[in-house]
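This chain uses plain numbering: 1 for the first residue, then up along the sequence. This is a predicted model, so every value here is computed, not measured.
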Amino acid sequence: MAHSVHDHSRRALPVAQATVLALPPTTPAKDLRPRWTALESLLCGAFAGAVAKTAIAPLDRTKIIFQVSTKRFSAKEALRLLYCTYVKDGFLGLWRGNSATMVRVMPYAAIQFSSHEQYKRLLGGYCGLQGKALPPFPRFLAGSLAGTTAAMLTYPLDLVRARMAVTAKEMYSNILHVFVRISQEEGISTLYRGFSPTILGVIPYAGITFFTYETLKKLHTEKTRRSQPYPHERLAFGACAGLIGQSASYPLDIVRRRMQTAGVTGSSYCTILGTMRAIVKHEGVVRGLYKGLSMNWIKGPIAVGISFTTFDIMHNLLFKLHQMGYFTP
């Protein structure tokens with residue numbers, strides 16, 4: 001009797017082993033998460049950009065005004081400008097030009113985030129790391145390509161937004177009016193003035209920003225064994241990414257703004273080197289090419305942190321909706 005029981009258990013063991021060994025291939029972990037469509041990434045990116053830019057719009061407008069003027073920047077002068085704007089134009093005056101910002105930033109952020117997902121997928125396939133974290137250089141390259149793609153497709157909207165930020169309401173009544181006046185008075189080519197420094201600036205900015213954020217998330221996962229950081233951790237990662245990225249490309253941001261607003265400030269900035277020489281000659285290196293950087297260290301990390309966090313949260317929300325059966329993966 002004991003012998004038969006022993007034989008039965010011994011015969012049953014291979015079956016159990018075969019069953020266990022056959023289980024993993026049926027549901028690979030990497031297939032559990034749905035493959036995001038371009039439309040989903042576009043919507044998440046647009047929403048993330050809108051929330052982030054609206055949150056810091058008054059500080060962003062103040063920074064642009066200082067960037068395009070020869071007036072020395074200080075925290076006291078920035079606060080005085082905010083107060084004078086509030087007294088003159090009311091509370092909503094602090095958000096002047098934000099409509100142009102939304103028209104620009106929503107497609108810009110949508111294209112940037114969506115193309116970043118696509119570039120990561122393409123580079124991952126090229127490196128043989130589909131679905132895994134990219135090595136450092138491809139990680140940087142994916143961010144740079146995403147930023148360049150978005151900037152190239154939405155640049156005129158960025159120029160219009162800068163013009164509206166530094167002019168009175170009487171000069172440009174709405175976004176369409178800006179396009180019409182620039183085309184009639186300065187020529188259509190003016191809509192691309194400052195394009196070169198924008199592209200040269202966005203390559204290191206977008207590359208470093210996405211690289212830093214993705215790297216911090218990767219390190220966080222390796223250390224905590226949690227696949228998804230908490231919202232406050234995402235904010236911190238995004239803030240670090242924005243701080244490093246914007247500091248690296250800030251002088252080109254100054255040059256871009258000077259060239260974009262030359263038609264309304266009476267200046268004659270035509271080339272990158274010429275603009276840099278003029279700024280350094282009249283204002284110095286630190287007070288000229290880095291004017292407003294301290295304010296950027298406040299608003300930039302906040303904006304980037306909110307943007308990355310909102311994008312990830314929206315993606316996670318869509319993932320839950322997929323799991324609940326509202327969408328077909």
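- L317 contributes atom CG, which lies 4.5 Å from atom CG of L321 (distance to the nearest 0.5 angstrom).
- Applying salt bridge (Lys or Arg N to Asp or Glu O under 4.0 Å) to D158 and the options R104, R193, R163 leaves one that passes, R104.
- Annotation for S307 and A48: closest pair O-CB, 3.3 Å, computed over non-hydrogen atoms.
- In terms of heavy-atom proximity, Y155 sits nearest to F195 at OH-N, 3.4 Å.
- Under a hydrophobic clustering in which Ile, Leu, Val, Met, Phe, Trp and Tyr are joined whenever their side-chain heavy atoms come within less than 4.5 Å, directly or via other members, M314 and Y230 fall into different clusters.
- Linking Ile, Leu, Val, Met, Phe, Trp and Tyr residues whenever their side-chain heavy atoms come within less than 4.5 Å places F237 and Y205 in a single cluster.
- When side chains are defined from C-beta on, L157 does not count as touching Y108, because their heavy atoms never get closer than 4.5 Å.
- Taking all atoms of both residues into account, the shortest heavy-atom contact from P156 to F179 is CB-CE2, 4.1 Å.
- Under the 4.0 Å criterion applied to side-chain N and carboxylate O atoms, K218 and E222 are assigned as salt-bridge partners.
- Note: S41 OG to I111 CD1 = 12.5 Å, rounded to the nearest 0.5 Å.
- Relative orientation of the Y290 and Y250 rings is parallel, given thresholds of 30° and 60° on the angle between their planes.
- Using the six-membered ring where Trp is involved, Y86 and F91 have ring planes that are perpendicular, over 60° apart on the 30 and 60° scheme.
- The two residues A52 and I306 make their nearest non-hydrogen contact at CA-CG2, 3.8 Å.
- One distance of note links OG of S144 with CD1 of I203; it measures 6.5 Å at 0.5 Å rounding.
- Within 6.0 Å of CZ in R226 there are more than 12 heavy atoms belonging to other residues, nucleotides or ligands.
- A centroid separation of 6.0 Å or more is found between the aromatic rings of F319 and H315.
- To the nearest 0.5 Å, the span separating OG on S69 from CD1 on I64 amounts to 12.0 Å.
- L134 places none of its side-chain heavy atoms less than 4.5 Å from the side chain of E214.
- Here the side chains of K53 and M106 are not in contact, with every heavy-atom distance at 4.5 Å or above.
- Following chains of ILVMFWY side-chain contacts shorter than 4.5 Å, one cannot reach L219 starting from V304, and the two form parts of different hydrophobic clusters.
- L81 has its side chain out of reach of E77: every pair of non-hydrogen atoms, C-beta onward, lies at least 4.5 Å apart.
- A distance of 11.5 Å separates CG of L153 from CD of Q112, quoted to the nearest 0.5 Å.
- Between M152 and I199, the closest side-chain pair of non-hydrogen atoms falls below 4.5 Å.
- Between the OH atom in Y119 and the CG atom in L123 there is a gap of 9.5 Å [rounded to 0.5 Å].
- T209 is not listed as a side-chain neighbour of I244, based on a closest heavy-atom distance of 4.5 Å or more.
- Among the candidates R258, R256, M276, Q260, the single residue satisfying the side-chain contact (heavy atoms from CB on, under 4.5 Å) test with Y269 is R258.
- A continuous path of ILVMFWY side-chain contacts below 4.5 Å connects Y83 to M295, so both sit in one hydrophobic cluster.
- Taking 4.5 Å as the limit, every side-chain heavy atom of L318 sits out of range of all side-chain heavy atoms of L43.
- Side-chain heavy atoms closer than 4.5 Å link hydrophobic residues (I, L, V, M, F, W, Y) into clusters, and following such links, even through other members, never connects Y213 to L243.
- With contacts defined as side-chain heavy-atom distances shorter than 4.5 Å, the pair F210/F113 qualifies.
- When the shell of 6.0 Å around CZ of F47 is examined, it contains 12 or fewer heavy atoms from other residues, nucleotides or ligands.
- Counting all heavy atoms, side chain and backbone alike, T212 lies closest to I208 at OG1-O, 2.7 Å.
- Using a 4.0 Å cut-off between charged side-chain N and carboxylate O, K291 and D253 make no salt bridge.
- When each of R121, K120, H116 is paired with Q118, the side-chain hydrogen bond (donor to acceptor under 3.5 Å, both in side chains) condition holds for R121 and for no other.
- A salt bridge links E185 with R181: the closest approach of a Lys/Arg side-chain nitrogen to an acidic carboxylate oxygen falls below 4.0 angstrom.
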